[in-house]
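Structure first, commentary second.
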Amino acid sequence: MTHSFFEKITFYYFDETDSTNDLANLLLKQNKAENGDVIVTKFQTKGKGQSGSNWFSERDKSVLISLICKEINIDISMLTTINMLVSLALSKTIKIYLQNENIKIKWPNDIYVNNKKISGILIESNIIGDTLKNIIIGIGINVNQDNFPDLLPLACSFYTISNKKFDTNEITGVLIDNLNKQLAEIKYFDLEKIKSEYESQLYGKDESKQFISNGKSFEGTIKGINKNGQLEVLVNNNLEIFNNKEIEFVRSSN
Amino acid sequence: MDIKEIQALIKFISTAGVDEVSIERKDFKLTIKKNPQTGFATMQQPQFIQTEIVQPVKQTPAQIQQAPSPEPKVAEKQEEISISNLKEIKSPMIGTFYRSSSPDKPPFVNVGSEINAGDTVCIIEAMKLFNEIESEIKGKIVKVLVDNATPVEYDQPLFLIDPS
């Protein structure tokens, strides 16, 4: 039995746009978007990354989409779950093409292949009271880039990993299919199952790593996430809880 | 229309759980339905796609025209007049409070802004998820209780609203 989150999916293709999330947001505000609409583009002129940073994209080389979940009206406690489901759908999609590589979810929602970032997620929502009204799921995947600017030494693409070029349209279809199936788990909600699947792919889990928080460097081990989606790190035998702005990995120089 | 896009679409519907898939471009719309009763792929006239509209407009003219003038004074005065009737907009989650959609954009609301139910008043970012918070009530912003880009707790009051 196939579970489906959307009744209908519509792909809207644009040769280029400022940012697929901004366009999705605008269409929602103008009441021109439907649940299950997907904005697809080949090039973003102002692609948004985390905290307002830019998402690097070259024309025709990336999968760049925003999926619109409109008027789903679910409790805001589901937000963490949605983040986990989207991360899982994305890592599964990448795994199909890069089967033998080490694919991990870097908390909260970047995908790393062999310790380098291949994909990012930007989720935006509208909340009224305790209800999640609309959600926009923006995803960028590096596919056919053969190199990256020097300021992105930790980025990778399908091509830099496998030395093969891929069809971004096909990957887009597979990704949306996986998102549609994975989000359907909201209806058959099993938080423990979702959480354990997410944690099994968590980058750095159960490995001793250097972190920085509030300017202090320390050693710790990621144990998982709590129900608010915060990171649980074992530091000197104490389980400490962090928000995403409060903690960073320290990169080894090699 | 790129043939590859159509191929990808056909491949998609053959494996996907959904019954209906469409693609749209400026000049073209193709819908494929799995359900045999509704027939074959249908071609339709293009509907709304306009690549030109890509600038999000998140502020109403009223909000933009709102003078940024004597904020603290207005707030104090308002509080004296009707403090007993004021309502709070509270944070629905732990996160970081932002008054605008990005650092180069004006705030969603200022002291004195008239808001309607459903208007976005701020963004709370939690775990890299950006959540636009909409007001449940109509009224006037009397006070902004939290500084931009600072952490907020669950249920922490963010704005005071005069609903009268």
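To find a chain, count down the sequence lines: A is the first, B the second, and so on, and within it residues start at 1. Since this is a predicted model, take the numbers as computed values, not measurements. Any value given below was found using the heavy atoms of this structure, including those in side chains, with hydrogens, waters and symmetry copies removed.
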With a 4.5 angstrom heavy-atom cut-off, which part of A:N243 approaches chain B: side chain, backbone, both or neither? both
Worked verdict on A:E124 versus B:I123 for side chain to side chain contact (heavy atoms under 4.5 Å, CB included): CA-CA 10 Å; A:E124 299 181 83; B:I123 284 176; 5.7 Å; no
For each of A:L231, A:N180, A:I135, tally heavy-atom pairs with chain B at distances under 4.5 Å, and name the one with the top tally. A:N180
Do A:D110 and B:K128 have side chains that approach each other closer than 4.5 Å (heavy atoms only, starting at C-beta)? yes
Sort out for me which of A:G129, A:S77, A:G36 touches chain B most, counting heavy-atom pairs under 4.5 Å. A:G129
Can you find a pair of side-chain heavy atoms, one from B:I94 and one from A:Q230, that are under 4.5 Å apart? yes
So which of A:V38, A:V174, A:I76 has the biggest tally of heavy-atom pairs under 4.5 Å with chain B? A:I76
Would A:K29 and B:E132 count as a salt bridge (Lys or Arg N to Asp or Glu O under 4.0 Å) here? Give the steps. CA-CA 12 Å; A:K29 296 230 151 88; B:E132 289 191 357; 2.9 Å; yes
Does any backbone or side-chain atom of A:E7 lie under 4.5 Å from a heavy atom of chain B? Answer side chain, backbone, both or neither. backbone
Part of B:I124 lying under 4.5 Å from any heavy atom of chain A: neither
Please classify the contact of B:T96 with chain A as side chain, backbone, both or neither, using a heavy-atom distance under 4.5 Å. side chain
Inspect the surroundings of NZ in B:K138 and state if more than 12 heavy atoms from other residues, nucleotides or ligands are less than 6.0 Å away. no
Would you say A:K205 has more than 12 foreign heavy atoms packed within less than 6.0 Å of its NZ? yes
Approximate separation, where rounding is to 0.5 Å, of A:I128 CD1 and B:S135 OG: 7.0 Å
Turns out that what part of A:I9 lies under 4.5 Å from chain B's heavy atoms comes down to both
Would you call B:M127 and A:L79 a side-chain contact if the rule is heavy atoms closer than 4.5 Å? no
Minimum side-chain heavy-atom gap B:L129-A:N109 below 4.5 Å: yes
Of the backbone (N, CA, C, O) and the side chain (C-beta and beyond), which part of A:D167 lies under 4.5 Å from a heavy atom of chain B, both, or neither? side chain
Between A:I136 and chain B, which part of the residue has a heavy atom less than 4.5 Å away: side chain, backbone, both or neither? neither
Looking at A:D130 and B:P92, what are the two nearest heavy atoms and their distance? OD1-CB, 4.4 Å
So A:I123 and B:F130, do their side chains get closer than 4.5 Å, heavy atoms only? no
Tell me whether the count of non-hydrogen atoms from other residues, nucleotides or ligands lying under 6.0 Å of NZ in A:K187 goes above 12. yes
Out of A:N228, A:T80, A:I127, which residue meets the side chain to side chain contact (heavy atoms under 4.5 Å, CB included) rule with B:M93? A:I127
Quick check on A:E248: does its CD atom have over 12 non-hydrogen neighbours (other residues, nucleotides or ligands) under 6.0 Å away? no
Checking A:I82 against chain B: side chain, backbone, both or neither under 4.5 Å from a heavy atom? neither
